Amino acid sequence: MDYIYSILTLTGITMIGVMGTYMVTGLTGQFSFGQAAFMAVGGYVSAMLALTFKLPFPVAALAGALAAMAAGLLVGVPTVRLRRDYISLVTFGFGEAIISVLNNSAQLTGGAEGLVNIPKRVDLPLVAVSVLVCLFCVACYKNSKFGRQCLALRTDELAARSMGIDVHRLKLVTFLFASAITGYAGVLYAFYSQYLEPGFFNWTVSAEWLIIVFVGGINSLTGAMVSAVVLSSLPEALRFASAWRIVIYCVIVLIIINYRPNGVFGDWEISRLWKRKSTRVEGDRA
């Protein structure tokens with residue numbers, strides 16, 4: 001039972017991290033290989049504040065999310081004017097720089113040995129509530145004026161600019177929002193696992209989140225969340241296959257990408273079901 005509890009909790013934290021990747025890639029079309037670095041910033045800052053200054057969890061969590069947003073501002077200001085491939089390189093370099101700083105700051109972060117004795121303040125109910133709140137915020141952002149502008153930007157940046165959309169500002173705001181959400185995922189991870197180590201946040205985690213978004217459907221927040229649940233738990237479900245489980249996992253992902261290039265869900269959202277039901281109810285009343 002404890003094992004299933006742990007898997008569900010970590011899956012929920014992964015879902016929040018994937019939301020940040022979805023905002024950057026799914027909404028604005030940028031490819032970031034450094035999202036896990038913002039998770040590291042949020043986790044380490046909040047944990048160090050709790051350990052050093054004995055701050056209560058809500059204050060430390062807020063500080064961690066704000067620190068991740070500040071890191072996003074540091075990276076975002078010079079990169080939003082770049083093309084997509086250059087953004088990937090810059091965020092990859094930022095992620096590797098964060099890992100290097102963490103490894104070489106042993107007095108503050110514990111270095112390669114990691115940060116230990118973090119108080120446990122996170123459980124499954126808190127993670128579940130956090131997932132719902134973050135999902136609501138991201139969905140509202142997508143359906144707002146800013147979200148529609150992001151979709152126009154992703155489709156054709158030049159056309160969006162000609163329509164009067166401040167492309168660079170929009171990219172930056174979305175990037176900061178995504179950084180804060182990802183940083184909060186790091187906070188939850190730190191106060192659940194009670195241990196942080198730089199290797200947890202390397203570029204492969206960011207790449208995995210990108211894969212999850214593409215498998216679910218780059219145009220679908222619903223698809224990204226379902227994909228996060230399935231692909232996060234799939235390696236554990238395939239544990240019976242021992243050493244072959246990663247191979248099976250990769251084959252499944254490759255099949256989906258090849259036969260469903262737009263993702264499993266394409267651009268479908270679960271909110272469409274609610275709209276259809278409301279339309280039918282109004283039609284019956286009429």
Side-chain angles (χ1 to χ4, degrees), residues 10 13-45 64-65 67-104 138 150 153-154 157 168 170-186 189 196-219 221 223-225 227-228 231-232 235 246 249-250 253-254 256-257 261 263:
L10 293 175
I13 294 173
T14 299
M15 290 174 69
I16 297 176
V18 170
M19 289 180 207
T21 300
Y22 172 80
M23 291 193 68
V24 174
T25 303
L27 292 183
T28 63
Q30 302 175 87
F31 294 93
S32 172
F33 283 100
Q35 287 303 110
F38 300 115
M39 185 178 184
V41 171
Y44 268 94
V45 168
M69 183 182 290
L73 182 65
L74 180 66
V75 177
V77 169
T79 58
V80 292
R81 300 178 182 274
L82 301 177
R83 289 192 324 218
R84 296 176 182 177
D85 46 354
Y86 290 108
I87 292 175
S88 301
L89 293 175
V90 171
T91 52
F92 174 80
F94 170 74
E96 293 302 299
I98 290 294
I99 299 299
S100 178
V101 169
L102 294 176
N103 277 320
N104 292 283
V138 174
C150 284
L153 160 66
R154 188 194 66 196
E157 182 173 334
H168 298 144
L170 187 61
K171 283 183 180 180
L172 182 60
V173 169
T174 306
F175 194 77
L176 293 179
F177 191 8
S179 300
I181 290 178
T182 310
Y184 180 64
Y189 181 81
L196 290 178
E197 189 264 323
F200 292 160
F201 308 104
N202 57 33
W203 71 271
T204 57
V205 175
S206 302
E208 181 182 347
W209 291 349
L210 279 171
I211 291 171
I212 288 173
V213 170
F214 275 95
V215 168
I218 195 172
N219 298 321
L221 177 59
M225 293 299 96
S227 178
L231 295 185
S232 295
I246 300 301
Y249 173 86
C250 294
V253 170
L254 287 174
I256 293 174
I257 290 177

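Below, all heavy atoms of this structure are taken into account, side chains as well, without hydrogens, waters or symmetry copies. A quick note: this is a predicted structure, and the numbers were derived from the prediction, not measured.
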Next on the checklist: Looking only at the aromatic ring of each residue, does the gap between the centers of Phe31 and Tyr86 stay below 6.0 angstrom?
Outcome noted: no
Checklist entry - Under the side chain to side chain contact (heavy atoms under 4.5 Å, CB included) criterion, do Glu208 and Thr14 qualify, and how do the steps go? => result CA-CA 10 Å; Glu208 181 182 347; Thr14 299; 5.6 Å; no
Checklist entry - Where the side chain of Asn202 meets the backbone of Gly199, is there a donor-acceptor pair that is under 3.5 Å apart? => result yes
Item to check | Separation of Thr79 OG1 from Leu89 CG (nearest 0.5 Å) | outcome: 11.5 Å
Checklist entry - Would you say the side-chain atoms of Ser100 pair up with the backbone N or O of Glu96, donor to acceptor, closer than 3.5 Å? => result no
Checklist outcome for this item: Between the SG atom in Cys150 and the CE atom in Met23, the distance rounded to the nearest 0.5 Å is 7.0 Å
Checklist outcome for this item: Looking only at heavy atoms, the pair that brings Ala68 and Gly42 closest together is CB-N, 4.4 Å
Next on the checklist: Within this structure, what is the CE-OH distance for the pair Met19 and Tyr184, rounded to the nearest 0.5 Å?
Outcome noted: 11.0 Å
Checklist entry - From Thr28 OG1 over to Leu170 CG, what is the distance, rounded to the nearest 0.5 angstrom? => result 8.0 Å
Checklist entry - Do any N or O atoms from the side chain of Ser227 and from the backbone of Val213 form a donor-acceptor pair under 3.5 angstrom? => result no
Checklist entry - Parallel, tilted or perpendicular for Phe92 and Phe33, by the 30°/60° rule? => result perpendicular
Item to check | Qualifying residues under side-chain contact (heavy atoms from CB on, under 4.5 Å), relative to Leu172, sequence neighbours excluded | outcome: Leu73, Val77, Val80, Leu176
Checklist outcome for this item: Between the CD1 atom in Ile211 and the OG1 atom in Thr204, the distance rounded to the nearest 0.5 Å is 10.0 Å
Item to check | Contact check, side chains of Tyr189 and Leu10, non-hydrogen atoms, under 4.5 Å | outcome: yes
Checklist outcome for this item: Which of Ile99, Val41, Ile98 passes side-chain contact (heavy atoms from CB on, under 4.5 Å) with Phe201? Answer is Ile99
Checklist entry - Which heavy-atom pair separates Ile181 from Val138 by the least distance, and what is that distance? => result CD1-CG2, 3.5 Å
Checklist entry - What is the minimum heavy-atom distance between Leu102 and Pro198, and which atoms define it? => result CB-CG, 3.8 Å
Item to check | Closest non-hydrogen atom pair between Ala178 and Val24, with its separation | outcome: CB-CG2, 3.6 Å
Next on the checklist: Can you confirm whether Arg154 sits close enough to Gln30 that some side-chain heavy atom of one is under 4.5 Å from a side-chain heavy atom of the other?
Outcome noted: no
Item to check | Worked verdict on Lys171 versus Leu153 for side chain to side chain contact (heavy atoms under 4.5 Å, CB included) | outcome: CA-CA 9 Å; Lys171 283 183 180 180; Leu153 160 66; 3.7 Å; yes
Next on the checklist: Tell me if a side-chain donor or acceptor on Arg81 pairs with a main-chain N or O of His168 at a distance below 3.5 Å.
Outcome noted: no
Next on the checklist: Ignoring hydrogens, what is the shortest heavy-atom contact between Ser206 and Gln35? Give both atom names and the distance.
Outcome noted: OG-N, 3.2 Å
Checklist entry - How about Trp203 and Thr91: do any of their side-chain heavy atoms sit closer than 4.5 Å? => result no
Item to check | Thr25 side chain vs Tyr22 backbone, donor-acceptor pair below 3.5 Å | outcome: no
Checklist entry - Below 4.5 Å, heavy atoms only, C-beta onward: do Phe38 and Phe94 meet side chain to side chain? => result yes
Checklist outcome for this item: Across all chains, not counting sequence neighbours, the side-chain hydrogen bond (donor to acceptor under 3.5 Å, both in side chains) partners of Ser179 are none
Checklist outcome for this item: Closest non-hydrogen atoms of Val205 and Phe200, given as atom of the first, atom of the second and distance, are CG2-O, 3.3 Å
Item to check | Met69 side, atom CE; Phe177 side, atom CZ - distance, nearest 0.5 Å | outcome: 8.0 Å
